[in-house]
2 protein chains.
Amino acid sequence: MKYTILFGARSYEHEISIVSAVVLKDILKERIQYFIFIDSKGDFYLIPQDKMNAKTFSTGGYEKYPKLQMTKGGFLQKSFLKEQFLGVEVMLNLIHGSEGEEGIISSLCEFYHIPYIGPRIEASVMSFSKELTKLYAQSRGVKMLPYHILDKQTRNIDSIPFEFPFIVKPLHLGSSIGIQIIRDKKEMNYNLDVAFEFDNKVLIEPFIGGIKEYNLAGCKVKKQGEEHWIFSMIEEPKKGELLDFNKKYLDFSRTEKTTQAEIDTKWTERMQMAFKALYHHCFEGALIRCDFFIHKDAIYLNEINPIPGSLAHYLFSDSFVSVLDALAQRLPIAHSPQVRYLFLSEIQYAKGK
Amino acid sequence: MKYTILFGARSYEHEISIVSAVVLKDILKERIQYFIFIDSKGDFYLIPQDKMNAKTFSTGGYEKYPKLQMTKGGFLQKSFLKEQFLGVEVMLNLIHGSEGEEGIISSLCEFYHIPYIGPRIEASVMSFSKELTKLYAQSRGVKMLPYHILDKQTRNIDSIPFEFPFIVKPLHLGSSIGIQIIRDKKEMNYNLDVAFEFDNKVLIEPFIGGIKEYNLAGCKVKKQGEEHWIFSMIEEPKKGELLDFNKKYLDFSRTEKTTQAEIDTKWTERMQMAFKALYHHCFEGALIRCDFFIHKDAIYLNEINPIPGSLAHYLFSDSFVSVLDALAQRLPIAHSPQVRYLFLSEIQYAKGK
């Protein structure tokens, strides 16, 4: 099984995606089929494996590599008077943020019949909007912190039902972009301005100091026709009060393995149960990371990362590639209705021709 | 303003989409730029306006027309040694069911920067899954009937909390496909089999005899920078107990206008209020039809049709084209983050090159 890594794209997390892809180069090595970069204009480029470094992108050097066009089953590479077809075995959607996580890349892969590891469209939408994640988790019986939505247009500050301090998050961004702690009324206007720079709606949550955070990655695969769950170790991410974009950015470039958090197996089991409830019948086909809080003897979902940084390989120790392989072997298949033109034939018949 | 009609695609409602497109040919006439058909294999074809009839499709005759490839801003038409670019002014997504309404067509238009009338990705997902519509409507303060989800795998019939009769609906299909009334235990197994033919999950609702149904279409536009709501008349659709696929199919080919339902203005206002609550900050860019029930002095949402049959033109009397024009002039614009490579440049700097 060979993997084609799709990365870049029009997103605030464009650079993070490049870093993720560079990290996976060293992890997947000869298991990589193609590196395909989407630039900020939405053009596809085939990047040679030995050119997968920061400079290629920051200098615009990628533009000298072959431009591609997406097509059924893969890509077309055009050159003078001929077209070459690059068939994709399995695509890894490594585009964090907007285009990757809001369902656009999933849709392209579905439309062009390219097998892919990544969230399907419904899963993308449910995890991309922080408001929809709240509704979704509730429907799956998983707790989240209380929240309040603020609209850029009305900006009705008096409606906020929480005491200071609270956290403000743009509704649709990942990687901690635009997330602010608001400690008092003085900070409010400026911090809201920052958050509204990124989105027309922001989500407000109470800020709970010293809350414990834990990350768990995993996926569901099939073995001999039976469902089988794969879970990573659980990590307690090292961080300050809030992981800001710069720190998180460095976090995406992690290459070393991590260590299992010191928590009771009771908590491990409860996190895995919550993970299963969230994943089942929605996230199939994706390797996701769920970030949980533990607070006052209860588990809360913080967020679902349907495309975690460098696919959270560091949580799987040495088994990462075999996890990908297991997942790639049983990807969800879209319903393919047969089109038979029964009605249109009837219409013609009724018209006498 | 000229409109390109995109229709067909891999969907149980493929034929309905063709009928819808044929109907709009007569309504939009010279305002149509291109008819672009997606066949069941996912290939694009440019159909001449005078060939827009049942026979072209049911006989496979469409295959002799030019094949297209989607690209930035429109389509490429290839012929011997040259490529012609067909720029699309505004696309009308007229693909009912799977690919059109689950977010794939929206994603293609977003990715290729083609302005389009139709639901955005989030709106597609929220209206395509009957379970998510329930969660969504609840979060917007709009009532729906109680429901229960049944899984094909477990098929736990004893868990159904309703008395007979009840209705079974495949979770992800429109146009009444696979919808069954189950009157007693005898009918149960066969009717569930039918519903599970179309989906791995079905939604069960109590069947309320003689419930009144009303359809309201509309959209939000901007006039001089101000939000402005456009509503159609309200229709009470003529039907038997349940509009089955055949009847609904004929319904899609409607060309004559309809008449306003005889209801109190109080109900009209309440339906418009519910419509606004559902549409705001989600369905912008689409002309949708909401189907409501009135039952015991309360309004219930039955479903949201983000791409109603022939765009529910018959509900707008003679204003249909001007409604489309108003909508087309202020389509939502996707956030386009600027990519500046600040972090990657820093990495290079830190590495001394």
Side-chain angles (χ1 to χ4, degrees), chain A residues 10-12 14-16 18-19 39-43 54-55 57-58 69 71-72 97-99 102-108 110-113 121-122 124-126 128-129 131-132 135-136 138-139 151 198-201 246 249 281 334-339 341-345 347-348 351 353, chain B residues 10-12 14-16 18-19 39-43 54-55 57-58 69 71-72 97-99 102-108 110-113 121-122 124-126 128-129 131-132 135-136 138-139 151 198-201 246 249 281 334-339 341-345 347-348 351 353:
Chain A
R10 283 164 293 200
S11 150
Y12 287 108
H14 179 92
E15 290 183 81
I16 280 183
I18 294 171
V19 173
D39 76 352
S40 59
K41 294 196 287 287
D43 291 318
K55 195 179 164 190
F57 305 98
S58 62
Q69 179 124 35
T71 191
K72 249 191 282 176
S98 351
E99 291 195 318
E102 75 187 340
I104 292 184
I105 298 302
S106 323
S107 295
L108 290 176
E110 298 278 345
F111 187 79
Y112 291 117
H113 280 208
I121 305 166
E122 208 173 281
S124 305
V125 166
M126 297 323 280
F128 190 58
S129 155
E131 185 180 16
L132 296 179
L135 300 179
Y136 177 73
Q138 196 188 7
S139 79
D151 193 305
F198 296 100
D199 212 316
N200 295 325
K201 279 168 107 179
N246 288 18
Y249 179 76
H281 268 337
H335 262 260
S336 274
Q338 239 197 311
V339 172
Y341 295 113
L342 296 178
F343 289 105
L344 293 187
S345 304
I347 290 179
Q348 274 177 266
K351 284 184 179 168
K353 173 82 189 130
Chain B
R10 283 164 295 200
S11 151
Y12 288 107
H14 179 94
E15 289 183 83
I16 281 183
I18 294 171
V19 173
D39 76 352
S40 59
K41 294 195 287 288
D43 290 319
K55 195 179 162 190
F57 304 98
S58 62
Q69 178 123 35
T71 192
K72 249 191 284 177
S98 348
E99 291 195 318
E102 72 188 340
I104 292 184
I105 297 303
S106 322
S107 294
L108 291 176
E110 298 278 346
F111 188 79
Y112 291 117
H113 280 207
I121 305 166
E122 206 174 283
S124 304
V125 167
M126 297 323 281
F128 190 58
S129 156
E131 185 180 16
L132 295 180
L135 299 180
Y136 177 74
Q138 195 189 6
S139 78
D151 192 306
F198 297 98
D199 212 315
N200 295 325
K201 279 166 108 180
N246 288 19
Y249 180 77
H281 268 337
H335 261 261
S336 275
Q338 238 197 314
V339 172
Y341 295 113
L342 295 179
F343 289 105
L344 293 187
S345 304
I347 289 178
Q348 274 176 266
K351 285 183 179 168
K353 176 75 191 136

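Values reported hereafter were calculated over all heavy atoms of this structure, with side chains retained and with hydrogens, waters and symmetry mates removed. Protein chains get the first letters and strands the later ones, always in sequence-line order, with residue 1 at the start of each.
- Both the backbone and the side chain of T71(A) come within contact range of chain B, with heavy atoms under 4.5 Å apart.
- Partners of D43(A) by salt bridge (Lys or Arg N to Asp or Glu O under 4.0 Å), not counting sequence neighbours, listed by chain and number: K67(A), K72(B).
- Distance check, rounded to the nearest 0.5 Å: NE2 of H14(A) to CZ of F57(A) gives 7.5 Å.
- With a 4.5 Å cut-off on non-hydrogen atoms, Q69(A) touches chain B through its side chain but not through its backbone.
- Between E110(B) atom CD and I121(B) atom CD1 the span is 5.0 Å, to the nearest 0.5 Å.
- Partners of E122(B) by side chain to side chain donor-acceptor pair (under 3.5 Å), not counting sequence neighbours, listed by chain and number: H172(A).
- Neither the backbone nor the side chain of D39(A) comes within contact range of chain B; no heavy atom of the residue lies under 4.5 Å from a heavy atom of that chain.
- Atoms OG and CD, on S139(B) and E131(A) in that order, are 6.0 Å from each other to the nearest 0.5 Å.
- Heavy-atom distances place both the backbone and the side chain of K41(A) under 4.5 Å from chain B.
- Each of S11(A), S106(A), S129(A) has some count of heavy-atom pairs under 4.5 Å with chain B, and the biggest count is that of S11(A).
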